[in-house]
Engineer: 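Attaching a single structure in structure tokens format; questions to follow.
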Amino acid sequence: MNPEEFNTKEEVTWCPGCGNHSIFMALKQALVNLNIAPDQVIIAYGIGCHGHEVNYLRTNGFEGLHGRPVPVAEGIKLANNELNVIAVSGDGDAYGEGLSHMINAARGNHNVTYLVHDNRVYGLTTGQTSPTSAKGTKSKSTPEGAIDEPINPMAMAIAAGATFVARTFAGNIQLTTELIMQAIKHNGFALLDILQPCVSFNKVNNFQWYMEHTYKLENHNPADKVAALQKALEMEKLPLGVLYKEEKPSYEEQVSELSEGPLTKKSLEVDKEKIMEEFL
Amino acid sequence: MTDFTWKIAGPAGLGIMTTGLIFSKAFSRGGYHVFDYIEYPSLIRGGHNTYQCRISSEAINSQSRSVHILVALNKETVDLHKPEMLENSAVIYDNEKMQAEVTAGKPYPIPLTRLAKESGGKELMANNVALGASMALLDYDLGILEGVIRDMFGRKGEEIVKMNMNAANAGYNYVRENFKEPFFVIAKKISDNRKYLLTGNEAIGAGAVASGCKCFVAYPMTPASSILHYLAENAKKYGIAVRHAEDEISVINTAIGAAHAGARTMTATSGGGFALMVEGYGLAAMTETPLVIVEVQRPGPATGMPTWSGQGDLRFVMHAHQDDFPRVVMTPGDVEEAYYCAAYAHNLAEKYQTPIIIMSDKHLAESHKTAEKFDHSLKIERGELIDSATDYKRYKLTKTGISPRLLPGAKGAIVVANSDEHNEYGYSCEEIENRNKMMQKRMKKLDMLAKELPAPKLYGPEDAELTLTGFGSVKGAILDAIKILEKEGIKVNFLHLIYVSPFPDKSVKEALSKAKKVISVENNFTGQFAGLVREKTGKNITKRFLKYDGRPFYPEEIAEKVRKVLKK
Ligand SMILES: Cc1ncc(C[n+]2csc(CCOP(=O)(O)OP(=O)(O)O)c2C)c(N)n1
Ligand code: SF4
């Protein structure tokens with residue numbers, strides 16, 4: 001396989017220079033490296049610029065509602081746990097509209113890979129403040145500057161019980177590819193927050209800014225939850241890499257009805273008289 | 001003919017629901033027809049709970065006003081239910097625990113608690129003493145009661161079964177010894193022919209299981225919760241994955257994911273929960289995902305009256321979500337229809353690749369009714385489900401509007417579903433021609449679906465003086481009202497709608513054109529159904545019998561209304 005096989009014929013309409021292009025490249029490369037064919041993976045998308053990827057990436061796809069790719073992914077995985085299931089989201093989608101789903105997917109350890117395209121802005125709706133925008137961010141929805149403090153998705157996911165929590169920067173395609181691969185391979189809920197420049201609406205957090213405000217994690221033990229939380233709380237200079245990782249049975253492994261294979265492979269025929277016996 | 005009502009009432013937390021169910025089962029197993037009805041506030045302790053069982057040697061469809069035996073677990077019960085008592089009705093109460101003044105019906109003071117303790121049981125077994133006492137009054141076979149108790153408590157051990165039965169025996173013997181005069185209602189066993197006894201929620205659950213539903217996702221909300229409980233309890237037995245998700249938004253999106261992946265999937269909620277699901281409902285329609293949604297109504301708005309009944313969600317459910325898409329809303333009227341609708345809905349959902357709503361209400365959901373054997377002939381039909389394709393188009397344009405459906409994971413194919421308007425492949429597309437074709441494609445499915453739905457049913461004589469009409473659970477009380485009126489020589493019929501969308505305009509128009517007078521019977525304030533009939537048929541039903549107090553219709557009050565309208 002090669003990454004080209006993952007391209008559709010649709011025209012890619014992301015702005016030139018947008019971080020989505022590099023995330024797209026990294027995802028394709030990760031799938032190739034893992035030898036996952038387009039028909040063996042399904043991606044649930046949120047609504048935003050990130051979600052347009054449904055049109056460009058040649059795999060099974062489900063573009064749903066704003067904020068809801070995670071529950072759709074959970075449902076797909078519950079019905080057919082033989083599929084690789086990925087959810088693609090944006091910072092508005094993931095940490096605004098759909099935040100509760102991440103917390104609950106984490107505590108249930110659903111075997112879903114969660115790729116959040118975090119550009120600190122609402123791209124598709126023309127640049128309003130997002131849950132990861134810095135306090136004071138001026139935008140169309142906050143002309144006097146955002147009052148709210150930004151969310152800390154890393155710390156929040158660790159606290160919620162996520163078993164794989166990592167961060168990368170779209171500008172580093174190699175690292176992003178590597179971390180997407182790890183996230184996909186992880187058995188359980190895996191959050192990868194991908195710092196992404198939005199060239200059209202985020203003039204502050206541009207490529208240069210991320211280069212200056214991130215560093216690669218070294219000598220960090222991702223099995224150490226306290227250390228992971230400490231790293232997650234570093235907000236000035238953002239650590240990139242796997243902050244936290246833990247091995248635990250996934251949600252699907254604990255659903256007894258899946259022990260003999262996916263729901264989609266079960267026979268639908270039931271002894272109808274038998275169902276009614278308890279009502280006699 | 002035997003037709004009586006037994007009622008147990010008192011504060012919550014005294015096991016009223018279990019005792020009532022035992023009574024219903026005991027008579028169902030003796031060959032009787034049963035319809036029971038419960039009232040309880042949204043509290044775990046306190047408040048006033050009632051469980052009434054109507055038992056009849058003939059088929060019945062609803063509860064009835066008059067109570068023949070009242071088991072009063074506190075003094076207030078005696079006072080509260082006075083209007084329901086007949087001259088000779090029995091009021092059973094614990095004369096050593098409360099001082100009751102029985103001014104309606106006849107007092108049957110029985111030391112329920114003392115007898116329970118003396119027979120070796122705990123205080124709660126007082127209810128069993130009352131059960132035994134009631135059986136003695138009715139001259140019913142205690143052996144049947146024992147069978148029911150054994151089935152319900154057998155798992156807890158023989159000891160518990162014995163304790164329960166000893167208490168029942170004590171009550172039985174006490175009545176035999178102390179109240180020698182025969183009671184005015186006698187209900188001996190009719191036959192050993194067992195019928196089903198189940199609630200509307202259980203019927204929906206069972207119907208779903210029968211149709212091969214393999215995934216159920218829900219968030220608890222009265223009065224829909226017992227569907228979740230039934231399916232969760234039976235999940236292992238039938239290989240159904242049941243997930244209680246974090247909220248209804250997650251529920252519907254999870255359900256859509258599971259259904260898209262290929263599992264027959266259902267969810268159930270009440271109005272408030274459905275309000276949260278509305279965006280997902282349209283997503284299912286847009287992505288052409290088969291899904292069954294059960295909406296069990298309770299009075300609103302907002303939290304409203306959680307444990308009471310109503311039909312005020314008709315217009316909301318019919319019009320939920322933005323823009324047009326095929327809207328299918330079924331409105332079963334009794335347990336048989338609930339079972340059938342649930343099974344059938346899964347077929348419709350997959351054949352037409354669209355969400356199907358089953359709308360019920362607390363009255364249907366939580367009342368037990370006996371039913372003869374169900375019709376199990378419905379075959380599982382999955383529609384155009386294919387297992388391979390080259391150059392697969394999820395939304396391929398076809399004559400019927402139905403595109404062959406391939407499940408994600410099929411070798412060599414890519415399945416793309418999209419919430420954005422999309423082209424045949426599923427990729428986003430907003431071009432004029434494409435938009436028009438896709439809208440027409442989705443809507444076209446409804447034409448074909450409408451043709452396969454059964455016509456609304458007209459119950460009663462063709463040449464009736466008056467026609468009653470309505471949807472859903474009003475059916476029971478109306479059918480029983482027709483019987484009351486028939487005995488008085490008043491001919492009334494009933495046009496019942498088991499689905500309201502797509503609306504069967506032709507048959508309704510035809511039936512109403514023949515009607516001399518029409519009354520729309522509905523559990524809501526504005527006559528939403530009458531409004532719908534007018535919109536779809538041009539027929540203006542001016543006479544409406546509307547009730548929005550959370551209580552179901554009683555056949556007696558419908559009969560009364562008919563007499564008034566007919567000036568009889
Ligand atoms: C329920 C709902 N509310 C609002 C919107 C409008 N909307 C579309 S995308 C979006 C925000 C997108 O921001 P983000 O998730 O960060 O994605 P990005 O465009 O930056 O990739 C909003 C508010 C919507 N589609 N649905
Ligand atoms: S608006 Fe921003 S996020 Fe959207 S495509 Fe353009 S650069 Fe990328």
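Letters A, B, ... are given to chains in the order of the sequence lines, protein chains preceding strands, and every chain is numbered from 1. What you see is a predicted model, and the numbers here were worked out from it, not measured in a lab.
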Engineer: Kindly check if the number of other-residue, nucleotide or ligand heavy atoms within 6.0 Å of NZ (A:K265) is above 12?
Structural biologist: no

Engineer: Look at A:D271, A:V270, A:L263 and state which one has the largest set of heavy-atom pairs under 4.5 Å with chain B.
Structural biologist: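 Top option by heavy-atom pairs under 4.5 Å: A:L263.
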
Engineer: Which answer fits B:L378, side chain, backbone, both or neither, if we ask what part of it has an atom under 4.5 Å from a heavy atom of chain A?
Structural biologist: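 Just its backbone gets close to chain A.
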
Engineer: For residues B:A413 and A:D39, report the shortest heavy-atom separation together with the two atoms involved.
Structural biologist: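 Scanning both residues completely, I find the closest heavy atoms to be O-CB, 3.3 Å.
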
Engineer: Identify which of A:V85, A:I103, A:L65 forms the greatest number of heavy-atom pairs closer than 4.5 Å to chain B.
Structural biologist: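 Option with the top pair count is A:L65.
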
Engineer: So which part of B:D151 gets closer than 4.5 Å to some heavy atom of chain A, the side chain, the backbone, both or neither?
Structural biologist: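 B:D151 has no heavy atom closer than 4.5 Å to chain A.
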
Engineer: Quick check on B:N423 against chain A: is it the side chain, the backbone, both or neither that has a heavy atom closer than 4.5 Å?
Structural biologist: side chain

Engineer: If you compare all heavy atoms of B:R29 against all heavy atoms of A:L280, which two are closest, and at what distance to 0.1 Å?
Structural biologist: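 Nearest heavy atoms, B:R29 then A:L280: NH2-O, 3.3 Å.
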
Engineer: To the nearest 0.5 Å, how far apart are CZ in A:F279 and OG1 in B:T370?
Structural biologist: 14.0 Å

Engineer: What are the two closest heavy atoms between A:S100 and B:E246, and how far apart are they?
Structural biologist: O-OE2, 4.0 Å

Engineer: So, B:N253 side chain and A:P71 main chain: donor-acceptor pair closer than 3.5 Å or not?
Structural biologist: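 No, the answer is negative, given that no donor and acceptor are paired below the 3.5 Å cut-off.
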
Engineer: Using non-hydrogen atoms only, which part of B:Y238 is less than 4.5 Å away from chain A: side chain, backbone, both, or neither?
Structural biologist: side chain

Engineer: Does a sphere of radius 6.0 Å around CE in A:M156 hold more than 12 heavy atoms from other residues, nucleotides or ligands, not counting ones at 6.0 Å or beyond?
Structural biologist: yes

Engineer: Given that the side chain runs from C-beta out, which part of B:R264 has a heavy atom under 4.5 Å from chain A: side chain, backbone, both or neither?
Structural biologist: side chain

Engineer: Under 4.5 Å between any side-chain heavy atoms of A:E278 and B:E202, yes or no?
Structural biologist: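 No - every pair of side-chain heavy atoms lies 4.5 Å or more apart.
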
Engineer: Is B:T254 reaching over with its side chain to a backbone N or O of A:G75, donor-acceptor style, under 3.5 angstrom?
Structural biologist: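 The answer is no, because no donor-acceptor pair under 3.5 Å joins these two groups.
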
Engineer: What part of B:A410 lies closer than 4.5 angstrom to a heavy atom of chain A: side chain, backbone, both or neither?
Structural biologist: backbone

Engineer: What part of A:E273 is in contact with chain B, defined as an atom under 4.5 angstrom from a non-hydrogen atom: side chain, backbone, both or neither?
Structural biologist: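 Backbone plus side chain of A:E273, per the 4.5 Å heavy-atom cut-off to chain B.
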
Engineer: Between A:Y251 and B:R243, is there a cation-pi geometry (under 6.0 Å to ring centre, at most 45° from the normal)?
Structural biologist: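 So B:R243 does make the cation-pi contact.
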
Engineer: Is there a donor-acceptor pair under 3.5 Å between the side chain of A:E63 and the backbone N or O of B:A417?
Structural biologist: no

Engineer: Relative to chain B, which segment of A:T8 carries a heavy atom at a distance below 4.5 Å: side chain, backbone, both, or neither?
Structural biologist: side chain

Engineer: Pick one of side chain, backbone, both or neither for B:I240, based on which atoms fall under 4.5 Å of a heavy atom in chain A.
Structural biologist: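 Backbone only.
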
Engineer: Between atom CG of B:N234 and atom CD1 of A:I275, what is the distance when rounded to the nearest 0.5 Å?
Structural biologist: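 It comes to 9.0 Å.
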
Engineer: Work out which heavy atom in B:K236 is nearest to a heavy atom in A:S256; give both atom names and the distance.
Structural biologist: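 Reported closest heavy-atom pair: CE-OG, 3.8 Å.
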
Engineer: Quick check on B:Y425 against chain A: is it the side chain, the backbone, both or neither that has a heavy atom closer than 4.5 Å?
Structural biologist: neither

Engineer: So, do A:M276 and B:H376 sit near enough that their side-chain heavy atoms are less than 4.5 Å apart?
Structural biologist: yes

Engineer: Name the region of B:S428, side chain, backbone, both or neither, that has any atom closer than 4.5 Å to a heavy atom of chain A.
Structural biologist: both

Engineer: Inspect the surroundings of OH in B:Y344 and state if more than 12 heavy atoms from other residues, nucleotides or ligands are less than 6.0 Å away.
Structural biologist: yes

Engineer: Hey, could you give me the OG/CG distance between B:S250 and A:N104, rounded to the nearest 0.5 Å?
Structural biologist: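 If we round to the nearest 0.5 Å, B:S250:OG and A:N104:CG are 7.0 Å apart.
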
Engineer: Does CG in A:N2 sit with more than 12 non-hydrogen atoms of other residues, nucleotides or ligands closer than 6.0 Å?
Structural biologist: yes

Engineer: Roughly how far, to the nearest 0.5 Å, is OH of A:Y45 from OG of B:S419?
Structural biologist: 14.0 Å

Engineer: Between atom CZ of A:R68 and atom CD of B:E279, what is the distance when rounded to the nearest 0.5 Å?
Structural biologist: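 Nearest 0.5 Å value for the CZ-CD distance: 6.5 Å.
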
Engineer: Contact part of B:T289 toward chain A, heavy-atom cut-off under 4.5 Å: side chain, backbone, both or neither?
Structural biologist: side chain

Engineer: Taking side chain as C-beta onward, heavy atoms only, is B:I249 less than 4.5 Å from A:H101?
Structural biologist: yes

Engineer: Is any side-chain heavy atom of B:Y427 closer than 4.5 Å to a side-chain heavy atom of A:V54?
Structural biologist: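 When only atoms from C-beta onward are counted, A:V54 and B:Y427 do not touch, as no gap falls below 4.5 Å.
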
Engineer: So what's closer than 4.5 Å to chain A heavy atoms on B:Y230: side chain, backbone, both or neither?
Structural biologist: side chain

Engineer: Under 4.5 Å from any heavy atom of chain A, what part of B:K411 do you find: side chain, backbone, both or neither?
Structural biologist: both

Engineer: Check this for me: A:R107, atom CZ, are more than 12 non-hydrogen atoms of other residues, nucleotides or ligands nearer than 6.0 Å?
Structural biologist: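 Counting neighbours around CZ of A:R107, 12 or fewer heavy atoms of other residues, nucleotides or ligands fall under 6.0 Å, so no.
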
Engineer: Can you name the closest pair of heavy atoms from B:C215 and A:L78 and give their distance?
Structural biologist: SG-CD2, 3.9 Å

Engineer: Rounded to the nearest 0.5 Å, what separation is found between the CG atom of A:N60 and the CD1 atom of B:I414?
Structural biologist: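 Here the rounded value is 5.0 Å.
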
Engineer: Identify all side-chain donor-acceptor contacts of residues 255-263 of chain B below 3.5 Å with residues at least two apart in sequence or on another chain.
Structural biologist:
none

Engineer: Looking only at non-hydrogen atoms, find the nearest pair between B:A241 and A:V255 and report the distance.
Structural biologist: CB-CG1, 4.3 Å

